[in-house]
Enquirer: 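Before I ask anything, here is the structure I am working with.
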Amino acid sequence: MKKYPEVAVIIPVYNEGGFIAGLVHELLPLFGTVICIDDGSGDNSLAELRKTDADVLSHLANIGQGGALETGIQYALKNQAIKYFLTFDADGQHGVDDAELMIKEMRTDAYDIILGSRFLKKNAIPPAKKVTLKLASVFTNLTTGLHLTDTHNGLRIFNRAFAEKVDLNNFGMAHSSEFLDLIKRYGFRFKEVPVTIVYTDYSRSKGQPLVNSVNILFDILFNKKE
Amino acid sequence: MLIKIVLIAALSIFFLYFFGSSSKLRARAWQKIIILLLPLVGIASVLFPGLLDTIAQALGIGRGADLLLYFMIVIFLFFSARVYLKFREVSLKQDKIISRMALLEKELDKD
């Protein structure tokens, strides 16, 4: 009997061939389903994923993490046994321990969505990245009216009521803001919990270039148009 | 001096067009109007060589050529914005198709 049978883990995968099988094997025994979406990887990610027992979906071309999450969430919703939807990064930045704590909170039914925040506990964060993220937080808080410490964290868990409202039409990296937008629009109950973010050399090389912040900013501005 | 007002107005409209929620029909209508007017103005300025200069001076610029230049810049901005917006729209639609396809293929695999 799995520890969290009612939880679906949704992992967007982009060029993580060397790493992803290990992560999947770590997660499979614990969670109801592990859903991996290969977002048009150029390496052997898809082949590696197909070797595992995860539910694998594949995009024929790269559309961005937001798009991959959308695909994953829509797929997860079809399984009526799933109550909670956990988004998880494929690059080793997130920890299962934190996920487990978040599930515990969700099970109290006091919240519709729980978001991880790397700023609520001591994390070693590269200074440039820290500044960018804090600025992004300030900006997003201004536009959404919510007050969050970490607005661009990929580790989050939400219930079915929330999942059904998700429609990440802004495929790309600004999808994080899309989640917050939903909270504001529908008044979902939310909470931030401290999580550990591990910046290994590997994940640092995969991380977003800071220049991309400009793109994200633009995306957020244009989001209101759609 | 009048040109300043005209240019600021045109650029403001451009800004609103780009950042505001533009009615597609209205935008397309304006585009058609401009595309109709342009050749007419072009023909007129060829038939009446001093025409552009006259208009330019009325607006407070020295030469017709300068007027043409300012005009071209504004048109170019609108055109670029149009292309960008269209590109984004198409891109988003494509993303949705790719996402839906992934879900459909998974459905088919199950059989």
Side-chain angles (χ1 to χ4, degrees), chain A residues 8 10-14 33-41 45-46 49-50 53-79 143 166-175 178 215-226, chain B residues 6-35 72-111:
Chain A
I10 298 162
I11 310 174
V13 178
Y14 184 63
T33 50
V34 176
I35 301 167
C36 297
I37 308 95
D38 169 55
D39 192 15
S41 299
S45 291
L46 187 56
L49 282 170
R50 293 236 155 101
D53 284 328
D55 283 15
V56 180
L57 293 111
S58 159
H59 287 159
L60 55 86
N62 177 257
I63 66 177
Q65 198 174 46
L69 282 176
E70 173 72 11
T71 303
I73 293 170
Q74 293 311 314
Y75 179 73
L77 276 169
K78 294 184 187 186
N79 183 346
T143 50
V166 170
D167 179 16
L168 297 169
N169 55 16
N170 235 15
F171 292 177
M173 279 316 282
H175 64 275
E178 194 90 11
N215 290 331
I216 296 179
L217 213 73
F218 249 66
D219 280 342
I220 295 176
L221 277 171
F222 289 138
N223 186 26
K224 307 304 167 196
K225 263 202 85 163
E226 300 302 324
Chain B
V6 172
L7 280 176
I8 290 174
L11 290 169
S12 305
I13 294 172
F14 161 77
F15 187 81
L16 287 170
Y17 170 70
F18 197 62
F19 288 98
S21 54
S22 51
S23 148
K24 277 201 201 142
L25 287 170
R26 212 184 303 142
R28 241 183 278 162
W30 273 109
Q31 270 156 233
K32 293 209 167 97
I33 291 173
I34 291 174
I35 290 174
M72 288 292 296
I73 290 172
V74 173
I75 294 284
F76 177 73
L77 284 174
F78 271 101
F79 178 71
S80 305
R82 184 99 197 90
V83 168
Y84 174 78
L85 288 171
K86 188 70 188 170
F87 173 76
R88 229 173 73 91
E89 186 192 320
V90 170
S91 194
L92 286 175
K93 286 185 181 170
Q94 183 181 72
D95 288 350
K96 286 202 178 120
I97 295 172
I98 291 175
S99 176
R100 285 281 186 89
M101 263 198 68
L103 288 163
L104 279 170
E105 282 178 347
K106 188 71 183 170
E107 274 287 321
L108 291 172
D109 277 344
K110 282 187 176 164
D111 301 331

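In what follows, chains are A, B, ... by sequence order, proteins preceding strands, each numbered from 1.
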Enquirer: Looking only at heavy atoms, which two atoms of B:Ser99 and A:Gly67 are closest? And how far apart?
Expert: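 Between these two residues, the closest heavy atoms are OG-O, 4.2 Å.
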Enquirer: Out of curiosity, A:Leu57 CG to B:Met101 CE, how far, rounded to the nearest 0.5 Å?
Expert: 12.0 Å
Enquirer: Go through the structure and list residues passing side-chain contact (heavy atoms from CB on, under 4.5 Å) with B:Ala10, not counting sequence neighbours.
Expert: B:Val74
Enquirer: In terms of heavy-atom pairs under 4.5 Å with chain B, which of A:Asp39, A:Val56, A:Ile37 leads?
Expert: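 When all of A:Asp39, A:Val56, A:Ile37 are compared, A:Val56 has the most.
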Enquirer: Would you compute the distance between atom CG of B:Leu103 and atom NZ of A:Lys78 and round it to the nearest 0.5 angstrom?
Expert: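 Reported value, rounded in 0.5 Å steps: 5.0 Å.
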Enquirer: Mind checking the NZ-OG1 spacing from B:Lys106 to A:Thr71? Nearest 0.5 Å is all I need.
Expert: 12.5 Å
Enquirer: Between CG of B:Asp109 and CG of A:Asp55, what distance do you get to the nearest 0.5 Å?
Expert: 11.0 Å
Enquirer: Please give me the minimum heavy-atom distance between A:Ser58 and B:Ala102, naming the atom from each residue.
Expert: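 That would be O-CB, 3.3 Å.
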